[in-house]
Amino acid sequence: MYLEVTLIDGKKTSETIKQEIAEEVSRIKEQGGKIPHLAAILVGNDGGSLTYVNNKVLACEKVGFKSTLIHLEDSVTEEELLAKVTELNNDADVDGFIVQLPLPKHISAEKVNEILLPEKDVDGFHPVNVGRMVLNLPAYLPATPNGILELLKRYDIETSGKHCVVIGRSNIVGSPMSIMMAKNAKPGNCTVTLCHSRTVNLPEITRTADIIIAAIGIPEFVTADMVKSGAVVIDVGTTRVVSLTKKSGFELKGDVKFDEVAPKCSYITPVPGGVGPMTIASLLLNTLKAAKKEVYN
């Protein structure tokens, strides 16, 4: 057993990043520069999406950004949504914007993503930004993986030469995370194994990992027998699970069975309060880059 476990506090780290951004925005204001402006399109009334988008708006206010929330009914047509995206593309005051996922089934997320200008794609999902990331060119990095890199960096966790196992191959987290951890960078320089639901002998693979990044979306999927002593475990999962003891009627569970895995780790992220807050912090960092034209001139 590894007794000296360090809890990676994403909430505290994200607040530090927001403070750093707020100080930079303050300097921009003093110099008469352009205040960063983040817009968000929300379709429908999904509770989780509403909370998440509202948190983004509040975060913008906290750091001194301008923010715009466009809330559309889930009956909106694909054509109408594409027109709204085009409108934001053409709005010179909007530096970056996001279209909150998931979208209703009658709307193609791919079409929406592809029509969004890469230079305003602060979520980092556009094919151009993904391609630039793979080629190690300046790009807006996907918010959650970038937030994880920021945690590894700020906790001074050594990654060079380590074996990193990423569980989950989504385009939002798993796949870009595997690419970013393998890059010749700090954090980075890992030997990366990308696993998923079809991986054979998964526990045997994870037991060889120095770093495990769990992003498979199955509550408490990673158990103690899958983790070697001293591993770093990053839990990306946030699934609502029914709870009779919580006032809300549910609780958030990560992809890692925290209570039994934590005693074996050198570092571990909790859920909530680990990776989640870093996603919004990364989105703010991308928006600041967009306002400063650091990626696209």
Side-chain angles (χ1 to χ4, degrees), residues 34 36-43 49 52-53 56-57 59-60 65-70 72 76-150 166 168-183 185 194 215 236 275 278-297:
K34 185 187 180 305
H37 184 177
L38 174 66
I41 299 176
L42 174 63
V43 180
S49 294
Y52 192 46
V53 171
K56 290 173 180 175
V57 171
C60 284
F65 285 6
K66 287 176 66 176
S67 65
T68 300
L69 173 57
I70 299 162
L72 306 173
V76 67
T77 67
E78 185 176 87
E79 187 179 3
E80 288 169 333
L81 179 56
L82 292 174
K84 182 57 69 173
V85 171
T86 302
E87 184 183 314
L88 291 178
N89 279 341
N90 295 329
D91 187 337
D93 191 57
V94 173
D95 298 297
F97 67 97
I98 62 162
V99 181
Q100 184 64 37
L101 300 176
L103 292 169
K105 290 181 180 178
H106 65 278
I107 297 174
S108 166
E110 287 76 18
K111 280 186 184 178
V112 172
N113 192 31
E114 287 179 6
I115 198 174
L116 199 159
L117 286 177
E119 55 265 38
K120 294 196 177 189
D121 165 43
V122 288
D123 255 339
F125 295 158
H126 192 282
V128 169
N129 277 315
V130 174
R132 289 173 70 95
M133 175 198 69
V134 171
L135 294 172
N136 217 16
L137 296 171
Y140 301 127
L141 300 174
T144 300
N146 196 35
I148 292 168
L149 289 186
E150 200 67 34
V166 180
R169 55 181 167 182
S170 75
N171 291 332
I172 296 173
V173 182
S175 291
M177 191 80 252
S178 66
I179 293 165
M180 292 158 75
M181 289 298 285
K183 282 191 175 303
L194 179 60
V236 184
V275 172
M278 295 299 295
T279 299
I280 291 179
S282 294
L283 183 69
L284 296 175
L285 286 169
N286 277 346
T287 304
L288 182 61
K289 285 182 180 178
K292 294 164 68 180
K293 311 294 185 193
E294 284 187 5
V295 176
Y296 296 94
N297 292 319

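The figures here come from the full heavy-atom set of this structure, side chains too, leaving out hydrogens, waters and symmetry mates.
Counting only distance, with no hydrogens or angles, the side chain of Q100 and the backbone of A40 share no donor-acceptor pair below 3.5 Å. Using a distance-only test at 3.5 Å, with no hydrogens or angles considered, no donor-acceptor pair links the side chain of T144 to the main chain of T279.
Closest approach of N286 and L141 over heavy atoms only: ND2-O, 3.0 Å. Residues S170 and P176 share a closest heavy-atom pair of O-CD, 3.5 Å. Of all the heavy atoms in G174 and L194, the pair that sits closest is O-CD1, 3.9 Å. Between V134 and I179, the shortest heavy-atom contact is CG2-CD1, 3.8 Å. Among all heavy-atom pairs drawn from K84 and I41, the shortest one is CG-CD1, 3.8 Å. Taking every heavy atom of both residues into account, K120 and D91 meet most closely at NZ-O, 2.6 Å.
Residue S178 holds its OG atom at 10.5 Å from NZ of K183, rounded to the nearest 0.5 Å. Atom-to-atom distance recorded for I70:CD1 and L81:CG is 10.0 Å, nearest 0.5 angstrom. For the atom pair CZ (F65) and CG (L283), the distance works out to 8.5 Å, reported to the nearest 0.5 Å. How far CG of N113 is from CD1 of I98: 12.0 Å, rounded to the nearest 0.5 Å. Going from atom CG of L117 over to atom CG of L88 covers 10.0 Å, rounded to the nearest 0.5 Å. Between the CE atom of M278 and the CD atom of E150 there is a distance of 5.5 Å, given to the nearest 0.5 Å.
Between V112 and L82 the shortest side-chain heavy-atom distance falls below 4.5 Å. Between K56 and L69 the shortest side-chain heavy-atom distance does not fall below 4.5 Å. In this structure, P145 and V236 have side chains that are not in contact, with every pair of non-hydrogen atoms separated by 4.5 Å or more. Considering only heavy atoms from C-beta on, V94 stays 4.5 Å or farther from T68 through its side chain. The shortest side-chain heavy-atom distance between R132 and P138 falls under the 4.5 Å cut-off. M181 has its side chain within reach of L149: a pair of non-hydrogen atoms, C-beta onward, lies under 4.5 Å apart. Side-chain contact between M133 and P142: present, with at least one pair of heavy atoms (C-beta onward) separated by less than 4.5 Å. Side-chain contact between L101 and D123: absent, with no pair of heavy atoms (C-beta onward) separated by less than 4.5 Å.
Sequence neighbours left out, the pairs with a member in residues 87-141 that pass ring pair (Phe, Tyr, Trp, His ring centres under 6.0 Å) are Y140-Y296.
Annotation: salt bridge (Lys or Arg N to Asp or Glu O under 4.0 Å) contacts of K34 (sequence neighbours excluded): D93, D95.
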